[in-house]
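Below is one structure, written out as structure tokens; the observations come after it.
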Amino acid sequence: MALRNLYKEIKGLKVKEVPAYLKPMLSIGYAKNAIRKGLDNYHAKYIETSSVDPLLHVCFGGMIFSYLVALPEERRHLEHKQHGGH
């Protein structure tokens with residue numbers, strides 16, 4: 001959704017104007033502000049409403065993280081098995 005809005009805003013600019021438009025968005029302060037705003041929105045949407053969704057987010061996020069951490073080791077095992085090793 002955010003990328004769609006960014007595209008709509010950039011679409012009307014000339015090519016020379018795009019770097020000047022994007023440069024402030026790539027600063028540390030802008031990133032901190034965007035993260036703070038996102039966390040505030042998350043808190044208002046899920047925490048203040050006593051929703052069970054944050055628990056589900058933690059559970060599924062933990063599963064995805066553990067899968068991604070174990071993936072390189074599993075790929076090494078699979079590659080070794082495919083090359084005839086035991």
Side-chain angles (χ1 to χ4, degrees):
M1 189 86 157
L3 286 175
R4 187 179 306 154
N5 292 338
L6 180 66
Y7 174 73
K8 286 179 183 179
E9 292 172 4
I10 290 177
K11 189 169 64 171
L13 298 175
K14 294 181 181 177
V15 174
K16 291 181 180 179
E17 298 170 345
V18 172
Y21 179 78
L22 292 178
K23 190 173 181 179
M25 293 181 186
L26 300 176
S27 70
I28 299 293
Y30 187 86
K32 286 181 182 179
N33 211 8
I35 291 170
R36 184 175 296 121
K37 184 178 176 184
L39 289 174
D40 287 344
N41 290 341
Y42 185 87
H43 186 268
K45 186 174 182 180
Y46 297 112
I47 306 299
E48 290 180 359
T49 60
S50 299
S51 174
V52 73
D53 285 344
L55 179 62
L56 297 175
H57 295 156
V58 169
C59 291
F60 287 115
M63 288 188 325
I64 291 168
F65 179 74
S66 66
Y67 174 77
L68 291 175
V69 167
L71 186 61
E73 185 69 20
E74 294 300 324
R75 289 181 57 113
R76 279 195 293 276
H77 286 300
L78 182 61
E79 186 175 328
H80 181 71
K81 193 174 187 179
Q82 287 176 345
H83 289 309
H86 294 291

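Computed from heavy atoms alone, side chains included, the values below leave out hydrogens, waters and symmetry copies.
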Open item on the list: Using the side-chain contact (heavy atoms from CB on, under 4.5 Å) criterion, which residues pair with L55? Sequence neighbours excluded.
Closed with: V52, C59
Task: Those residues that, when tested against E9, pass side-chain hydrogen bond (donor to acceptor under 3.5 Å, both in side chains) (two or more places apart) - done: Y21
Task: Value rounded to 0.5 Å, distance of CG in L6 from CE in M25 - done: 5.5 Å
Task: Set of side-chain hydrogen bond (donor to acceptor under 3.5 Å, both in side chains) partners for Y46, sequence neighbours left out - done: none
TODO: Please report the C-alpha distance between Y67 and L71 in whole Å, then the side-chain angles of each, then the deciding distance to 0.1 Å, and finally whether the side-chain contact (heavy atoms from CB on, under 4.5 Å) criterion is met.
DONE: CA-CA 6 Å; Y67 174 77; L71 186 61; 3.7 Å; yes
TODO: Determine the minimum heavy-atom distance between I47 and P54, stating which atoms define it.
DONE: CD1-CG, 3.8 Å
Open item on the list: Side-chain heavy atoms under 4.5 Å apart, restricted to Ile/Leu/Val/Met/Phe/Trp/Tyr: what other residues fall into the cluster of I35, or is it alone?
Closed with: L39
Open item on the list: I need the L56 CG to F60 CZ distance, nearest 0.5 Å.
Closed with: 6.0 Å
- [ ] To the nearest 0.5 Å, tell me how far L22 CG sits from L13 CG.
- [x] 8.5 Å
TODO: Evaluate the criterion side-chain contact (heavy atoms from CB on, under 4.5 Å) for residue pair T49 and K45; output intermediate values, then yes/no.
DONE: CA-CA 7 Å; T49 60; K45 186 174 182 180; over 6 Å; no
TODO: Please list, chain by chain and in numerical order, all residues satisfying side-chain hydrogen bond (donor to acceptor under 3.5 Å, both in side chains) with R76, sequence neighbours excluded.
DONE: E73
Open item on the list: Suppose we screen for side-chain hydrogen bond (donor to acceptor under 3.5 Å, both in side chains). Which residues come up paired with Y42, at least two apart in sequence or across chains?
Closed with: H57
Open item on the list: Tell me whether the count of non-hydrogen atoms from other residues, nucleotides or ligands lying under 6.0 Å of CD in E79 goes above 12.
Closed with: no
